[in-house]
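Please read the structure below before turning to the comments.
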Amino acid sequence: MKPRVLSGMRPTGALHLGHYHGALKNWVRLQDEHECFYFVADWHALTTHYDDHADLERNVYDMVVDWLAAGIDPDRATLFIQSRLPEHAELFTLLAMGTPLSWLERVPTYKDQMKALTGRDLATYGFLGYPLLQAADILIYKAAFVPVGEDQSPHVEITREVARRFNHLYGKGQTVLPEPATLLTETAKLPGLDGAKMSKSLGNDIAMREEPAEVERKVRRMPTDPDRVRRTDSGNPERCPVWRFHKLYSDVDTRAWVVKGCTTAGIGCLECKQPVIDAILREQQPWRERAETYLANPKHVHWIVEVGTERARTMARKTMREVRDAMGLNY
Ligand code: TRP
Ligand code: SF4
């Protein structure tokens with residue numbers, strides 16, 4: 001039996017290269033050695049954007065298409081949508097009864113997001129409950145591993161505490177809800193075009209399915225070392241966001257060519273950017289091909305999600321029967 005992995009993403013719409021290199025690439029890789037459950041955390045999207053649901057459905061399916069395009073294999077991984085499984089809400093409710101408020105209030109993302117998302121109403125019960133809903137997502141499938149970025153590891157930590165407390169209160173010496181472990185994704189960080197974190201709202205992203213001409217245009221317009229004003233000025237790659245793309249996309253020889261060419265003004269910035277453009281286009285090619293077949297047949301995508309959701313439901317229902325039994329709610 002392969003160990004079970006579970007992870008979710010909020011449906012932000014079509015994914016960009018930051019999502020791919022930060023998470024999705026790892027999800028694809030994990031399929032070889034693990035039983036993988038990947039889901040669309042659409043309720044989690046509502047915790048911060050409850051009044052902004054107009055594009056939800058499109059965002060959900062755009063994201064699923066990108067998962068499939070990246071190489072998530074529906075024959076090996078179970079793909080599903082959180083809101084189709086009310087069992088998650090039931091477990092969330094039952095866990096909520098015994099979860100101290102202070103555990104949720106002290107989660108670092110709670111205060112951080114309050115500061116970061118200034119335009120949003122985050123003074124809601126749903127937003128405070130975000131990590132507990134995440135705990136329910138994880139525990140209901142008895143996942144052994146949760147692959148997440150570093151920012152999410154406090155949520156897995158609280159999941160472990162919640163499980164421990166549940167087992168202590170209701171388990172009668174048995175482990176009803178196993179504690180999951182974080183599987184930290186160590187990835188080469190890909191910044192946005194301007195060197196800040198890649199994000200669609202900052203307009204510094206390249207979509208996974210960005211048109212080739214757009215990829216070329218965007219990379220050609222990337223800022224470079226600010227001190228390299230003229231072609232004859234030498235530059236310092238460490239001050240240049242293009243260099244960070246080379247670190248991810250280029251081989252040793254190309255990187256040596258960049259360092260030498262940049263520091264001696266031997267190459268121009270457009271010349272330096274060309275291997276990055278080529279590498280991105282090469283990387284996108286198989287995604288484009290796979291996406292095309294799925295986009296030509298949206299019913300197939302719905303079917304994949306349907307099958308995954310029913311597979312998940314079988315497991316979620318089984319856990320809920322055990323949870324209700326343990327809590328004496330089996331009447
Ligand atoms: N909070 C996660 C994020 O924003 C998404 C998520 C929801 C999740 N439930 C989960 C991730 C369960 C892992 C496991 O990225
Ligand atoms: Fe950046 Fe390359 Fe220009 Fe140097 S030559 S400043 S690394 S784009």
Side-chain angles (χ1 to χ4, degrees), residues 4-12 15 18-19 22-24 26-27 30 36-49 63 80-83 85 88 91-92 107 109-110 112-113 127 129-141 143-159 180-185 193 195 219-247 250 254-277 312:
R4 187 171 306 143
V5 151
L6 173 121
S7 199
M9 270 188 215
R10 281 171 294 170
T12 49
L15 300 179
H19 295 121
L24 198 45
N26 194 39
W27 284 20
L30 284 167
C36 293
F37 280 69
Y38 298 135
F39 75 99
V40 180
D42 51 352
W43 282 340
H44 276 100
L46 291 174
T47 61
T48 51
H49 292 69
M63 184 167 83
F80 64 97
I81 297 177
Q82 183 185 37
S83 64
L85 289 142
H88 289 224
L91 184 55
F92 169 71
V107 174
T109 47
Y110 184 58
D112 292 353
Q113 292 276 75
F127 184 64
Y130 188 116
L132 192 63
L133 180 57
Q134 186 162 348
D137 299 336
I138 297 166
L139 297 174
I140 207 164
Y141 301 105
F145 298 108
V146 184
V148 285
E150 201 151 2
D151 61 314
Q152 293 287 311
S153 67
H155 297 172
V156 183
E157 202 42 56
I158 197 173
T159 302
T182 308
L183 207 58
L184 267 192
T185 318
L193 295 164
V219 175
R220 288 173 74 94
R221 289 178 45 171
M222 276 178 80
T224 59
D225 176 356
D227 291 338
R228 195 167 185 211
V229 183
R230 280 172 296 267
R231 168 67 178 81
T232 48
D233 297 336
S234 62
N236 175 357
E238 292 303 335
R239 281 200 301 260
C240 176
V242 179
W243 173 237
R244 296 175 57 194
F245 277 62
H246 274 295
K247 280 188 181 163
S250 298
T254 309
R255 291 201 306 266
W257 170 80
V258 171
V259 171
K260 180 150 184 287
C262 180
T263 53
T264 61
I267 58 171
C269 288
L270 285 178
E271 213 177 321
C272 176
K273 289 169 171 179
Q274 195 56 46
V276 169
I277 295 170

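Just so you know, these numbers come straight off a predicted model, no measurement behind them. For the single chain, residues carry numbers from 1 onward in sequence order. First listed ligand is number 1; within each ligand, the first listed atom is number 1.
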Applying a heavy-atom cut-off of 4.0 Å, say which part of [X] lies close to ligand 1: side chain, backbone, both or neither.
X	result
I138	side chain
Q152	side chain
L133	neither

Nearest heavy-atom approach of V107 to I158 is CG2-CD1, 3.8 Å
Quick check: closest heavy atoms across R220 and I277, and the distance to 0.1 Å?
CG-CD1, 3.9 Å
Parallel, tilted or perpendicular: which fits the ring planes of F39 and F80, with parallel below 30° and perpendicular above 60°?
parallel
Angle class for the F127/Y130 ring planes (parallel below 30°, perpendicular above 60°, tilted otherwise)?
perpendicular
Option with minimal heavy-atom separation from atom 5 (S) of ligand 2, where the choices are E238, R239, R228, K273
R228
Which atoms from ligand 1 have a heavy atom of [X] less than 4.0 Å away?
X	answer
A41	7 (C)
L6	12 (C), 14 (C)
V146	13 (C), 14 (C)
H44	7 (C), 9 (N)
Y130	1 (N), 2 (C), 3 (C), 4 (O)

Give the residue, atom name and distance (to 0.1 Å) of the protein heavy atom nearest [atom].
atom	value
atom 10 (C) of ligand 1	Q134 CG, 3.4 Å
atom 5 (C) of ligand 1	G8 O, 3.5 Å
atom 2 (Fe) of ligand 2	C272 SG, 2.3 Å
atom 9 (N) of ligand 1	D137 OD2, 2.7 Å

Just verifying a value: how many Å separate [X] [atom1] and [Y] [atom2], rounded to the nearest 0.5 Å?
X	Y	atom1	atom2	value
H88	I138	NE2	CD1	10.5 Å
D227	D233	CG	CG	8.5 Å
T182	Q152	OG1	CD	10.0 Å

Contacting atoms of ligand 2, where contact means under 4.0 angstrom from a heavy atom of C240:
1 (Fe), 6 (S), 7 (S), 8 (S)
Ligand 2 to D225, heavy atom cutoff 4.0 Å, flagged ligand atoms 6 (S)
Judged by atom type as modelled, is there a donor-acceptor pair below 3.5 Å linking the side chain of [X] to the main-chain atoms of [Y]?
X	Y	answer
R231	G266	yes
H44	L133	no
D225	G235	no

Looking at atom 4 (Fe) of ligand 2, is one of the N, O or S atoms of C262 less than 2.8 Å from it?
yes
Got an N, O or S from C269 under 2.8 Å of atom 2 (Fe) of ligand 2?
no
H19 vs T12 side-chain heavy atoms within contact, under 4.5 Å:
yes
